[in-house]
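Just so it is clear, the structure is predicted and the values come from calculations on it, not from any experiment.
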Amino acid sequence: MHNFLKPALLCGLLLPCSLAHAEPVDIDADQMTRSEDGTITATGHVIIKRMDETLVADQVIYHTPRHTMEASGHVMIRSAKATIHADQAQLQTQSHTGTMQHATITLPGGERIKAEQVRRIDDQRFEAEHAIYSSCPADEESWRIAADHAVVDQEAGELISTGSRLELWQVPVLYSPWWSQPLRRKSGLLIPSVNTGKRRGTELSVPYYIAPAENWDATLIPHWMSVRGMMGEAEVRHISTMGYERISGAAIDDTVAKRVRGRVKGEMQWQLPASAVLRAKADHVSDYAYLADYAGVGDVSLRYLQSEASLSQQFALADTRTDWSLQAQHLQDLLLTSNATTLQILPRLQSHTEWQFSPNVVAHLEQQTTRFDRRIGVDGWRMDWHPYVELPWELSGGGIRSTITGGMRHTRYWLKSAAPNISRPTRTTGEASMELRSDFERISEGHHWRHVVSPIVRYDYVGAPDQSLLPNFDSAFGLLTWTNLLSGNRFSGLDRIEKTNRLSMVLENRLQTRAGESDGARDVLIVRGGAAYDMMRRSVDPLLQPVATQPFSNLLGEVVWQPLAGAALYASGQYNPAGHYWSSTSSYLNLTGRGYSFYAGYLFIDQRYSARTELVDLRGSFSLIPRWQATASWQYDRVLKLSQQATVGLEYHHPCWTLGLETYRINRRSGTTTAANTGFRLLLEFKGLGSVGS
């Protein structure tokens, strides 16, 4: 039989009425008795709820006059702050204080403190004697901190211990008379890193983490290299309701180059009133060879470093939508010893306004005004206006869709470093296009399969004039791709507009499936082909766009096969029907699953089409046995007959720590040495050991 003592019954029945204003206590037990002095003894599955925690035990003796409890037998105290298991506990009912014998405290993050005796100061602070702390799973405790005395302060987020020992697999490896172990984000040392390689020699870095406030922190990294010297690195991060900022820097007095070298990076984003957004990003190095000597695998192949800032806004009024942005951009060319000829954008103002007069009439106005700047070469201002009208139509319930577009483009220049008679050139041209698309679909009886055939036909006419005497700041003629096949202008930038009288065609087949009515559709097979026929084929600038000899473009083909989730086979190519050769081909196989991933790619470009290219790219990771994972990557240039990059790694992932070793070879023959960079990296991190873990 269960007895229940509800808070409303405690006054007058079992407790003195003077306790009626104290915190209520709810007791549930198999048996309960009350002595003459007011002591309540509860035995058998005792559950006591008080304040914001629950006490479970085999037996509880409740001394009501003294407001104390004595719990014994499988004692558990559970709250949002911690879960405590103990053999015995003596607690105050009007506070969170008390003592516990042979106790284990488990914090919300999974950290555990075992101690012979624990004194609870309040609901967030404990004092423990002969304590052991670890964040590892209880059955796989590979590291722990053993201490004679420890104080756990959850409010401050730290454990302070004296007479401390760091033990690995219960073997002492480090003794410290005083130890501070953070329980959350807190200043202190992080896990060191060790590397070795040809260009920098043996490397050792010991990061120090600084967390002075909840909304900002920093990392300071002394980085020693046996070949290059000592590098100082730092990163500062800040976040607020407005946005975030992050800035980092590195500097070294390079003993090989005999000069000071460094890198500065930064990023920020602010959400301003009236839906305006301010963004900025900076990345600059002291010299063009810095990345070749100091960058990691991801940055070593960069051609440009880009710094930019922009202020943008979007708003709508009735049937009018407008977006605008003001930006500036600076490029650093890493293949040139001097950046004097590199073109910069300082600044650029662009906008787009759309008026929807009806579902079938939409007017647009695009504008871009740019200031191009460089120390050597022609620079100046360019203003481009592009008004156009769209007439979208749908027939047969959307099965047939068409869009007719007509407009014009006017471009005007104000140039410096140019003769007066050509300092203000202009260009005006008209354009028109019509695109027609239809979707023919068939759905299986069970609605599990869907086959769609989509023919697309587009006609473009652009009466562009000769532009060979105009300046060229940012235009280049693009090779034929799926992106620009259905386009009237294949030039990038706004300095050149292609003269076009072209008919483009695409035929796409798509096979989709879904497992159930509530599941989304998945593409199983996509096959498409396309080509264009240009009836004009006249060059507007022979230096950028040589006159084509054939009106037919290359034939484009693409196949995507995804027979299973996580498996994809891709192939695409361009065939030149006049020369009877493949201009370019690209293919890859991508497999992902539980415990493995594999990617194999191949790219080929014929020298008659563009710069000869033949690249092989292999990447993969595999779980060998539980917790062991192997990784590898290889990028091979068949034209140069060399491996651009290769890595092989092995990692062991324990619930409490990770150990990894990776060897690498990067063959970028630039920087202060032309030798390939080879070496290895060592990874060792312990979960929860250090200022913020790994």
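Applying the ring pair (Phe, Tyr, Trp, His ring centres under 6.0 Å) rule to Trp224 yields no partners; only residues at least two apart in sequence or on another chain are considered. For Ala115, the side-chain contact (heavy atoms from CB on, under 4.5 Å) criterion is met by Val118, Ala128, Ala131, not counting sequence neighbours. Take Pro108 and apply the side-chain contact (heavy atoms from CB on, under 4.5 Å) test, not counting sequence neighbours, and it matches Gln154. In this structure Arg200 satisfies the salt bridge (charged side-chain N to carboxylate O under 4.0 Å, His left out) test together with Glu203, sequence neighbours excluded. Listed by chain and number, the residues in a salt bridge (charged side-chain N to carboxylate O under 4.0 Å, His left out) with Asp153 amount to none (sequence neighbours excluded). For His654, the ring pair (Phe, Tyr, Trp, His ring centres under 6.0 Å) criterion is met by Trp657, not counting sequence neighbours. Applying the ring pair (Phe, Tyr, Trp, His ring centres under 6.0 Å) rule to Trp628 yields the partners Tyr652; only residues at least two apart in sequence or on another chain are considered. With sequence neighbours left out, Gln329 forms a side-chain contact (heavy atoms from CB on, under 4.5 Å) with Gln306, Glu308, Leu331, Ile345. A search for salt bridge (charged side-chain N to carboxylate O under 4.0 Å, His left out) contacts involving Glu267 returns Arg246, not counting sequence neighbours. Residues that satisfy the salt bridge (charged side-chain N to carboxylate O under 4.0 Å, His left out) test with Arg144, not counting sequence neighbours, are Glu141, Glu167.
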Please test Tyr588 against Tyr599 for ring-ring contact (aromatic ring centres under 6.0 Å, His included), starting from the C-alpha separation and ending with a verdict.
CA-CA 7 Å; Tyr588 68 78; Tyr599 175 89; 5.6 Å; yes

Carefully, step by step, assess Asn339 and Gln332 under the rule side-chain hydrogen bond (donor to acceptor under 3.5 Å, both in side chains).
CA-CA 6 Å; Asn339 210 46; Gln332 185 176 14; over 6 Å; no

What do the steps show when you test Ser193 against Ser205 for side-chain hydrogen bond (donor to acceptor under 3.5 Å, both in side chains), and what is the final call?
CA-CA 5 Å; Ser193 65; Ser205 61; 2.4 Å; yes

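Using a 3.5 Å distance cut-off with no hydrogens or angles, the side chains of Trp634 and Ser643 do pair a donor with an acceptor. For Thr647 and Ser633, the side-chain atoms include at least one donor-acceptor pair closer than 3.5 Å. Using modelled atom types and a 3.5 Å distance limit, the side chains of Ser572 and Tyr570 yield a donor-acceptor pair. Donor-acceptor pairing under 3.5 Å is recorded for the side chains of Asn215 and His238. There is no side-chain donor-acceptor pair under 3.5 Å between Thr106 and Thr83.
Proximity of a side-chain donor or acceptor of Asn590 to a complementary backbone N or O of Leu569 within less than 3.5 Å is not detected.
The minimum heavy-atom distance linking Pro222 with Leu220 is given by the pair CD-O, 3.7 Å. Residue Trp143 comes nearest to Ser135 through the heavy atom pair CZ2-OG, 3.3 Å, listed as atom of the first residue, atom of the second, then distance. Across Gly530 and Leu485, no two heavy atoms sit closer than the pair CA-CD2, 4.0 Å.
For Tyr596 and Phe622, the ring centers are positioned 6.0 Å apart or more.
Note on Arg228 versus Asp293: salt bridge recorded, some NZ/NE/NH1/NH2 to OD/OE distance being below 4.0 Å. For Glu558 and Arg510, the salt-bridge test fails: no basic side-chain N is under 4.0 Å from an acidic carboxylate O.
The residue from Asp254, Val256, Val285, Asp253 that alone fulfils the side-chain contact (heavy atoms from CB on, under 4.5 Å) condition with Arg261 is Asp254.
Residue pairs meeting the side chain to side chain donor-acceptor pair (under 3.5 Å) criterion with at least one member in residues 608-620, sequence neighbours excluded, are Gln574-Tyr609, Tyr602-Glu614, Asp606-Arg608, Arg612-Glu614, Glu614-Arg638, Asp617-Arg619. Residues in residues 581-601 take part in no salt bridge (Lys or Arg N to Asp or Glu O under 4.0 Å) pair, two or more places apart or across chains.
A cation-pi arrangement is not found for Arg237 relative to Tyr244, the charged atom failing to lie both closer than 6.0 Å to the ring centre and inside a 45° cone about the ring normal.
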